[in-house]
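The structure appears below as structure tokens.
Every chain is numbered from 1 and lettered A, B, ... according to where its sequence line falls, protein lines coming before strand lines. Here the structure is a predicted model, which is why all the values come from computation and not from measurement. Side-chain atoms are counted along with the backbone in the values below, which use heavy atoms only and exclude waters and symmetry mates.
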Number of protein chains: 2
Amino acid sequence: MTDAAIRQKRPATHRRTPAGGAPTAAHRPDEVQSADEAHDPRIHVDAVTDLLLGTWGHTRREAREMIKDPAFWRIDGQPMDEHRERVLGQLRLLVEHGGSRRAFPKKYGGHEDNGANLAGFMELVLADPSLQIKSGVQWGLFGSAIHQLGTEKHHDAWLADVIDLRMPGAFAMTEMGHGSDVAAIGTTATYDPETEEFVIHTPFRAATKEFLGNAARHGRAATVFAQLITDGVNYGVHCFFVPIRDADGAMLPGIRSEDDGVKGGLNGIDNGRLAFEHVRIPRFNLLNRYGDVAADGTYSSDIPSPGRRFFTMLGALVQGRVSLDGATTTATALALDIAVTYANQRRQFDSGAGTDEVVLLDYGMHQRRLLPRLAQVYAQFFAGDELLRKYDDVFSGREDTPENREDLETLAAALKPLSTWNALDTVQECREACGGAGFMAENRLVGLHQDLDVYVTFEGDNTVLLQLVGKRLLSDFARQFTGADAAKLAGFAAKQTAGKVFHGAGLRRLGQAVADLGSTARSVELGLRAEHQHELLAGRVEQMVSDIAGRLRPAAKASPAEAAAIFNANQAELIEAARAHGELLQWEAFSDGIAGVEDAGTKHVLTWLRDLFGLSLVEKHLAWYLINGRLSTQRAASVSRYIDRLCLRLRPHAQDLVDAFELAPEHVRAPIALGGEQERQDEARAYYAALAAAGEAPVSEKSLKKK
Amino acid sequence: MTDAAIRQKRPATHRRTPAGGAPTAAHRPDEVQSADEAHDPRIHVDAVTDLLLGTWGHTRREAREMIKDPAFWRIDGQPMDEHRERVLGQLRLLVEHGGSRRAFPKKYGGHEDNGANLAGFMELVLADPSLQIKSGVQWGLFGSAIHQLGTEKHHDAWLADVIDLRMPGAFAMTEMGHGSDVAAIGTTATYDPETEEFVIHTPFRAATKEFLGNAARHGRAATVFAQLITDGVNYGVHCFFVPIRDADGAMLPGIRSEDDGVKGGLNGIDNGRLAFEHVRIPRFNLLNRYGDVAADGTYSSDIPSPGRRFFTMLGALVQGRVSLDGATTTATALALDIAVTYANQRRQFDSGAGTDEVVLLDYGMHQRRLLPRLAQVYAQFFAGDELLRKYDDVFSGREDTPENREDLETLAAALKPLSTWNALDTVQECREACGGAGFMAENRLVGLHQDLDVYVTFEGDNTVLLQLVGKRLLSDFARQFTGADAAKLAGFAAKQTAGKVFHGAGLRRLGQAVADLGSTARSVELGLRAEHQHELLAGRVEQMVSDIAGRLRPAAKASPAEAAAIFNANQAELIEAARAHGELLQWEAFSDGIAGVEDAGTKHVLTWLRDLFGLSLVEKHLAWYLINGRLSTQRAASVSRYIDRLCLRLRPHAQDLVDAFELAPEHVRAPIALGGEQERQDEARAYYAALAAAGEAPVSEKSLKKK
């Protein structure tokens with residue numbers, strides 16, 4: 001499809017469910033819906049868009065308007081070298097549009113508007129994820145390192161050039177040998193008081209900086225993380241500004257760059273390696289906000305604890321995770337827009353009822369594949385906006401306390417894994433739900449999967465991030481018992497035992513089973529409404545954390561090796577608890593988000609969608625709820641049936657719900673979601689009708705035999 | 001890594017677990033293993049390789065030897081056009097090596113060895129999946145259509161040219177408007193008795209043939225599926241041989257080709273569309289094995305039922321599914337070889353016990369990610385060999401009965417979805433388990449995912465295939481009650497009720513719970529051994545099918561629309577039952593496969609692996625087992641613990657188990673799995689040791705503060 005063709009497309013007429021949205025073959029005779037339940041409420045699409053785009057909706061719309069220009073779009077199959085140059089050019093365009101300055105100080109032409117900054121960046125994923133990530137490298141990582149870890153002298157020296165892309169840069173943290181474990185990197189920055197210089201050095205191959213955007217080709221400088229050594233003491237990881245290429249693009253002496261070559265996606269970014277051979281930089285170039293070295297080599301820091309100092313520095317760069325959470329949510333919405341729109345037009349097999357072929361989304365299985373994922377992405381929009389507000393609160397300085405920073409980091413560490421993993425899962429399901437057409441690059445889904453793939457392991461490997469969340473949950477849990485409050489501890493222990501007996505022996509379950517006897521589907525649902533969903537989701541987090549804490553208790557008195565082994569034995573479950581915590585946060589954000597909705601129809605439908613999200617989570621962990629006596633077998637069995645009912649109820653609203661993402665044809669671009677499928681079907685139907693009308697249709701062999 | 005470098009690599013010394021395979025941080029103090037349990041048994045790697053490569057191991061090894069030649073390898077990032085030409089050249093090489101003739105009649109230079117043919121093709125996936133699939137298009141689809149659907153005159157006319165690639169061809173079944181529903185395609189082949197020709201025509205855009213390999217560029221002819229119309233009657237879908245390009249590659253009159261362009265993967269194949277504008281072909285070109293048209297236009301067929309005739313024709317092409325099942329298993333094994341080998345060398349974070357950094361595979365979470373998937377692929381190897389033998393039995397003519405054909409088709413329809421979906425899941429998990437390195441194209445995993453992606457929807461969409469299996473299960477179930485055996489039906493109904501009461505009300509569960517009280521972990525395991533695993537897996541299939549059949553019963557007396565709605569409401573669960581059936585088949589094949597193993601150590605380890613496979617299935621469906629009263633909550637809770645134990649036991653054998661895939665460096669090619677990681681770590685360790693020995697290591701800030 002050409003650029004012009006995409007912009008001419010007016011998809012609205014073809015994107016709605018034919019025949020007013022009524023399902024054609026999906027009724028269930030045993031659970032008939034009343035018409036008012038299924039059809040009457042409709043959402044106000046525009047109002048829902050406002051809800052989804054959230055606090056910085058204005059900025060998001062501005063960014064989306066900008067990227068309607070085809071110059072920003074990914075070209076499928078473009079060779080890597082050309083793609084890299086194209087994306088660099090897009091960054092320049094972005095600068096021209098003022099898209100690079102929102103976060104930076106006004107002194108250098110910035111707006112000091114952190115929330116808007118990330119909101120704007122997230123939307124770039126619709127144009128080309130390489131553009132989003134290369135922008136993130138330049139302004140979110142390289143620029144932010146100077147901004148957040150440097151001081152005013154550094155800002156004065158470099159920020160204006162960074163903002164305007166006169167100085168493209170790399171963010172050199174990860175090494176070949178160490179990714180998630182940043183504290184253990186091998187690069188050294190040894191202070192030489194004679195010359196007042198730091199010597200940056202890569203002492204062995206594994207200490208080579210790796211996977212850095214802008215390193216292979218475009219970077220002029222890098223913010224390099226290295227072990228700061230002065231006077232024979234290693235003060236841990238600090239960040240240094242290191243020029244790497246001259247104005248002509250030639251490597252500076254002592255610096256070696258290697259190209260990572262082709263990757264699974266994001267091939268518009270020139271990822272590569274950097275190695276340093278005793279490269280000298282002025283003392284000035286230590287980004288010294290959290291730690292400094294005097295001319296004579298004396299080290300000083302406002303944060304005496306090396307551990308806390310390290311995590312403060314890393315925490316200053318949390319925006320990458322916030323940004324990835326939002327970008328993947330937008331990308332996931334795009335995938336669902338494509339798959340749901342197609343599923344609302346594509347027909348396959350007649351139903352056996354002698355009618356027309358059935359629209360894909362009328363199949364029970366297809367609803368099950370797509371609608372819970374639609375609910376999931378709605379939850380992500382609401383949770384993402386909360387995260388973004390938290391981020392803005394802290395980084396604007398309005399609520400910048402250590403507690404808020406810690407909360408922000410934990411929230412980002414909980415949400416980024418869920419939204420990035422869900423992106424891969426949903427994009428893949430959408431691709432499969434579109435069959436062979438989903439495998440064509442022009443229909444976007446395969447490209448999205450390829451580009452988003454690495455989001456689950458970069459900016460904090462998801463598994464590692466969830467462990468951080470899990471440890472935070474454990475320490476919050478332990479905090480309840482500080483001060484050796486014996487009564488409280490005793491109460492806790494009692495509760496533990498009570499919990500075990502209560503849940504384990506099935507007393508509660510039995511009660512539920514009795515109450516459920518003879519119940520109608522409707523009354524079972526009553527036990528799965530909002531407050532019960534919350535109780536189930538929250539109760540699971542609490543119990544998992546408390547169970548794990550109980551199992552870890554012996555570690556306190558064990559040898560280090562034994563303690564490590566005990567922790568290792570509980571690692572998988574701790575990660576699962578962290579995931580449960582993130583899911584709870586998403587559910588709560590979704591519920592809070594619709595609490596203020598006033599339009600009855602909108603509220604009705606979004607509540608179904610929230611219920612679908614909540615119950616899908618319960619269904620996913622159903623075995624846990626059963627084993628731990630939180631659901632009777634009767635009620636557990638009803639969860640899946642309730643989900644089926646919700647899918648049926650939501651099916652007529654599916655197109656509205658993706659239309660509320662407000663993605664223009666220039667954002668969607670996939671021909672299968674822009675009306676082509678419907679046009680072809682209309683043409684085919686007209687052909688057969690004309691044939692029949694002319695008496696020229698061949699008779700079927702079967703009808704012949706009947707004669 | 002250069003070709004020469006890969007071939008020089010002698011990975012053996014680096015691919016084994018350091019320190020003899022003992023886990024360093026993965027012991028669980030509460031479930032200590034005796035040394036003889038965990039360490040003493042070892043598998044005989046070579047003997048296991050023989051087991052895995054199966055009946056046609058000789059042919060597989062022959063194919064693997066051939067593709068050690070770099071001329072067969074995928075080049076990452078190669079532009080689409082060059083990749084397409086390269087793969088065409090590889091097909092010629094394959095012909096030179098005799099790789100294209102195994103399945104065909106001896107009369108045309110073939111070997112008439114069907115099993116060997118597919119076994120050889122499957123291995124090509126290691127070189128480049130595009131090569132495997134383009135070969136499949138040429139010889140498995142285009143060639144097979146002529147071979148299986150044509151008669152001797154067609155074989156004489158074309159097979160030799162097909163085999164030698166003098167005539168590349170497309171297999172034109174799918175249309176833009178109809179994929180899985182082949183019976184509804186729009187292309188027509190109308191017989192003209194005046195000229196004794198068929199007129200092939202694309203009556204509307206949706207009837208354009210779509211996604212055809214060899215259509216965009218290389219095909220000279222196509223086997224075109226079209227509605228056969230003669231004398232005003234439509235006799236349904238038949239296959240026709242249609243020349244499409246002349247010797248110079250120009251399109252023949254009336255035939256239009258369009259290029260599908262860039263796809264998510266398999267870009268070495270020139271997929272495209274074909275449309276026909278009243279194209280005339282001689283009557284001769286109807287592939288007439290199952291249906292023929294006489295010169296005067298009279299239709300005849302040995303199979304009077306149009307439905308049975310249609311399915312017989314499609315069934316003759318089952319080999320594609322058999323082949324995909326095997327190829328994805330091989331590709332999945334490659335992914336696990338890479339990820340397990342890397343996880344056995346890569347270290348990250350110290351354990352807190354003050355020792356060296358921990359090898360990834362010693363983390364509980366990492367074991368949980370990789371080892372159950374290793375068990376899964378073992379199951380697939382065994383099940384795949386059974387499928388291949390069944391295929392060979394039928395197509396060799398030795399056991400070619402309608403029942404065996406139906407069994408073969410059902411088996412292929414059950415296994416292909418499981419192995420292709422598992423390939424995507426496992427390759428993705430392996431990619432993530434390798435972190436950023438997993439995202440680099442050179443490490444193979446992203447390319448495998450991209451290429452294998454479409455395997456889940458082509459050659460029968462997985463969801464559609466599982467529905468076919470589900471319907472077969474239902475009809476087998478119904479067959480028990482044919483002849484209106486009242487006593488049997490009554491017994492069945494009683495059993496149903498009994499089952500409901502028994503399972504639903506938790507009586508059995510209660511008994512189990514009592515028996516479990518005070519049990520040790522070991523005695524709980526006794527209840528999860530082989531025979532119980534089988535009972536659980538088989539019982540689930542039986543009950544699901546019987547439950548669905550019960551719910552579908554009202555459909556028999558309902559209106560067509562109601563019947564369709566009832567079926568639709570049970571669609572998702574029917575598909576789940578089919579999946580359960582496939583899983584049971586895999587488990588049984590795995591168990592049968594190790595039954596004959598005589599070496600005690602090998603048998604010991606493979607039995608753990610089989611148990612891990614079985615229990616992972618039980619864990620996946622744990623909620624079902626609980627809701628249906630098949631497992632007590634106590635026993636259900638023990639399933640996950642038992643899996644943890646099995647992972648620990650198998651951990652020291654992980655490298656052996658992937659080494660048994662017998663993949664040479666030329667098949668693996670991923671630098672991270674060929675010793676590079678270990679070399680870098682050794683170098684880093686030596687650096688720090690030398691520094692310490694020379695007294696030049698900086699002291700840590702922390703140790704400074706302690707002073």
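Under the salt bridge (charged side-chain N to carboxylate O under 4.0 Å, His left out) criterion, A/E210 pairs with A/R273, not counting sequence neighbours. Legend: residues meeting side chain to side chain contact (heavy atoms under 4.5 Å, CB included) with A/Q467, ordered by chain and number and at least two apart, are A/F567, A/Q571, A/I575.
Ion pairing between A/E677 and B/R205 fails under the 4.0 Å rule for side-chain N and carboxylate O.
If you measure heavy-atom distances from B/L445 to chain A, you find no contacts under 4.5 Å at all. Heavy-atom distances place the side chain of A/Y688, and not its backbone, under 4.5 Å from chain B. No part of A/F458 comes within reach of chain B, as not one of its non-hydrogen atoms sits under 4.5 angstrom from that chain. Proximity to chain B involves both the backbone and the side chain of A/P304, based on heavy atoms less than 4.5 angstrom apart. Contacts between A/L691 and chain B at a heavy-atom distance below 4.5 Å are absent for every atom of the residue. Looking at B/M440, the atoms closer than 4.5 Å to chain A (heavy atoms on both sides) sit in the backbone and in the side chain alike. Both the backbone and the side chain of B/F349 come within less than 4.5 Å of a heavy atom of chain A. Contact annotation for A/A437: both backbone and side-chain heavy atoms come within less than 4.5 Å of a heavy atom of chain B. Contacts between B/R685 and chain A at a heavy-atom distance below 4.5 Å are absent for every atom of the residue. Only the side chain of B/Y687 comes within contact range of chain A, with at least one heavy atom under 4.5 Å from a heavy atom of that chain. Proximity to chain A is limited to the side chain of B/Q428, based on heavy atoms less than 4.5 angstrom apart. Residue B/S559: no heavy atom, backbone or side chain, is found under 4.5 Å from chain A. Looking at B/Y299, the atoms closer than 4.5 Å to chain A (heavy atoms on both sides) all sit in the side chain, from C-beta outward. If you measure heavy-atom distances from A/A563 to chain B, you find no contacts under 4.5 Å at all. Contacts of B/P203 with chain A are made by both backbone and side-chain atoms, with heavy-atom separations under 4.5 Å. B/A684 touches chain A through backbone and side chain together, each having a heavy atom under 4.5 Å away. Contact annotation for B/D260: both backbone and side-chain heavy atoms come within less than 4.5 Å of a heavy atom of chain A. Using a 4.5 Å cut-off between heavy atoms, A/H621 makes no contact with chain B at all. Interface remark: B/R551 contributes no atoms to any contact with chain A (heavy atom separation under 4.5 Å).
Chain B forms more heavy-atom pairs under 4.5 Å with one residue of A/G232, A/A572, A/A206 than with any other, namely A/G232. Chain B forms more heavy-atom pairs under 4.5 Å with one residue of A/M176, A/Q78, A/Q227 than with any other, namely A/M176. With respect to chain B, the highest number of heavy-atom pairs below 4.5 Å among A/I229, A/D453, A/N234, A/L622 belongs to A/D453. For the options A/D461, A/T190, A/V456, heavy-atom pairs under 4.5 Å to chain B are most numerous at A/V456. For the set A/G438, A/G177, A/G261, A/S700, the count of heavy-atom pairs under 4.5 angstrom toward chain B peaks at A/G177.
Of the N and O atoms on the side chains of B/T457 and A/R431, at least one donor lies less than 3.5 Å from an acceptor on the other residue.
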